[in-house]
**Q** 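Next up is a structure, given as structure tokens.
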Protein chains: 2
Amino acid sequence: MKCEMFDVLVELAKKKTRVTTLDMAKRLGSSQQTMSRKIRELESLDLIERETAAKGQFVSLTDEGAKFIRKKYLELREIVERPKTESIAFGGVLVSGSGEGRYYVGQDEYFLQFHEKLGFRPFLGTLNVRLKTVQDVKAKDEMENMRPITIRGFKKDNRAFGDIRSYPCMINRKARGAVIIPERTHHATDIVEIIASEDLRKSLCLKEDDYVHVEIRI
Amino acid sequence: MKCEMFDVLVELAKKKTRVTTLDMAKRLGSSQQTMSRKIRELESLDLIERETAAKGQFVSLTDEGAKFIRKKYLELREIVERPKTESIAFGGVLVSGSGEGRYYVGQDEYFLQFHEKLGFRPFLGTLNVRLKTVQDVKAKDEMENMRPITIRGFKKDNRAFGDIRSYPCMINRKARGAVIIPERTHHATDIVEIIASEDLRKSLCLKEDDYVHVEIRI
DNA sequence: ATTACTACTCACCGAGTAA
DNA sequence: TTTACTCGGTGAGTAGTAA
């Protein structure tokens with residue numbers, strides 16, 4: 001990445017005050033002329049104050065310049081010192097699907113990818129969970145901002161099957177499975193579809209309207 | 001300052017993973033096309049990994065990208081959390097000057113500026129101190145990296161008098177004065193010249209070869 | 001809706017050089 | 001030495017548009 005304005009500001013802030021354009025150019029891999037211009041630009045932006053002398057120039061940050069650097073620093077701190085492990089969880093009630101899920105999961109092209117990429121052969125049927133609260137929907141949206149395991153779409157019989165995004169998860173803290181979200185979803189945004197290697201209705205003794213808890217594994 | 005490459009990387013790092021080029025463009029005040037190109041550039045620099053989907057793209061930092069941000073963060077921390085007050089001090093022995101100092105300080109144009117900018121009317125004579133150790137010379141060089149109070153040069157009688165840099169200081173922890181360094185210095189780099197409102201030789205009872213301590217007020 | 005290609009303009013870079 | 005000007009070549013930004 002080439003020498004950017006901000007790099008120049010930072011380099012000036014590092015050095016106490018006295019700099020030469022040539023020295024700055026060498027440090028930042030640029031030319032003396034460009035440094036001269038960039039330093040003058042920073043001055044016209046009121047980020048630095050300067051006084052040219054016979055041997056170089058005296059540069060100091062203005063309050064605004066210091067504030068600017070501090071702002072960037074806090075921004076980076078936010079990123080670097082961000083807690084690594086957060087867990088995303090939401091829940092809702094079991095609703096009956098249209099049988100569509102079973103149809104899609106049953107497509108060989110999808111099925112094989114589920115096995116390869118998720119590590120299990122899905123049961124031919126999906127669990128449809130309707131989210132009830134805004135917190136739950138928010139958590140689901142946050143999940144969607146994460147990088148999914150993408151199941152590739154395909155064409156067959158003159159029909160297009162789109163990509164499916166999948167997110168490995170725990171259901172009711174007991175069973176492993178995955179939330180799946182078709183790229184061109186037919187569902188309203190408050191319903192999520194879940195697959196697993198087993199028939200979750202049976203193995204977790206779930207029936208219509210029962211509460212289902214979903215936790216995304218990060 | 002316009003949108004730079006690093007800003008794009010930081011913005012991508014802030015967002016967890018899912019972004020669109022248009023959204024990024026709005027955030028950073030740029031165009032969708034430029035964002036598209038910049039994100040692809042970051043990918044080709046191996047700073048991010050990405051996967052484009054129908055609705056936007058999933059972007060995540062590579063190890064190298066995270067390392068890059070961390071490096072910048074540490075750089076800024078160094079600046080922002082740098083201790084504010086350091087003191088610069090050095091010392092040497094009193095040597096006799098050539099009377100040159102008296103001549104220069106006596107020039108009205110300089111004299112008036114000393115009074116205005118340093119706050120005292122200098123005694124017509126300078127104290128010449130020869131630095132003995134490399135530490136002392138280093139401390140003096142550090143002083144020269146600070147922003148001086150600049151006494152402007154002038155032309156008179158067909159002669160050019162150059163700028164003089166001055167640094168307010170304490171002499172022997174007792175008297176206030178200033179180190180002065182002519183822009184075109186005649187001295188070797190191990191000699192500093194000091195002025196004060198009084199005759200320091202008298203008021204501090206100094207004689208040839210006596211040790212003189214100089215502390216710069218920051 | 002999205003990404004990203006092409007074409008075009010404009011601004012930036014830096015060699016040469018003045019002060 | 002140093003800063004900073006001019007100016008020609010080039011790289012960056014973006015409108016239009018395809019996919």
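So you know, we letter chains A, B, ... as the sequences are listed, proteins then strands, and number each from 1. In this text, all values refer to a predicted model and were calculated from it rather than measured experimentally.
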**Q** Give a yes or no on whether A:Lys14 atom NZ has more than 12 heavy-atom contacts from other residues, nucleotides or ligands under 6.0 Å away.
**A** yes
**Q** What is the first contacted nucleotide of DNA chain D and what is the last, in 5' to 3' order, if contact means an atom lying under 4.0 angstrom from a heavy atom of chain A?
**A** D:dT2 to D:dC5
**Q** For nucleotides 5-8 of chain C, print each protein N/O atom paired with a nucleotide N/O atom at under 3.5 Å, atom names and distance only.
**A**
{"from": "C:dC5", "atom 1": "OP2", "to": "B:Arg40", "atom 2": "NH1", "distance (Å)": "2.6"}

**Q** So, does A:Ser31 get its side chain near the phosphate of C:dA15, meaning an N or O under 4.0 Å from OP1 or OP2?
**A** no
**Q** Measure from the side-chain N and O atoms of B:Arg77 to the backbone N and O of B:Tyr73, and report whether any donor-acceptor pair falls under 3.5 Å.
**A** no
**Q** Spell out, as yes or no, whether a donor-acceptor pair under 3.5 Å connects the side chain of B:Thr52 to the backbone of B:Gln57.
**A** no
**Q** Tell me what A:Thr34 touches on the nucleic acid: a base, only sugar-phosphate, or nothing, going by heavy atoms under 4.0 Å.
**A** base
**Q** Apply side chain to side chain donor-acceptor pair (under 3.5 Å) to A:Ser30 and list each qualifying residue two or more places apart in sequence or on a separate chain.
**A** none
**Q** Cut-off 3.5 Å, side chains only: do A:Glu193 and A:Thr126 have a donor facing an acceptor?
**A** yes
**Q** Is A:Glu142 salt-bridged to A:Lys138, going by a charged N under 4.0 Å from an acidic O?
**A** no
**Q** How many Å lie between CD1 on B:Ile39 and P on C:dA4, as a whole number?
**A** 8 Å
**Q** Once you round it to whole Å, what is the distance between P of C:dT3 and CD of B:Glu41?
**A** 16 Å
**Q** Quick one: A:Met35 CE to C:dC12 P, roughly how many Å, whole number?
**A** 14 Å
**Q** At what distance, to the nearest 0.5 angstrom, does NZ of A:Lys117 lie from CD1 of A:Ile151?
**A** 5.0 Å
**Q** Just to confirm, is there a sub-4.0 Å distance from OP1 or OP2 of C:dT2 to any side-chain nitrogen or oxygen of B:Arg50?
**A** no
**Q** Check A:Glu4 against B:Phe6 and note the closest heavy-atom contact, atom names and distance.
**A** OE1-N, 3.3 Å
**Q** Find the distance A:Leu22:CG to C:dG14:P and express it as a whole number of Å.
**A** 13 Å
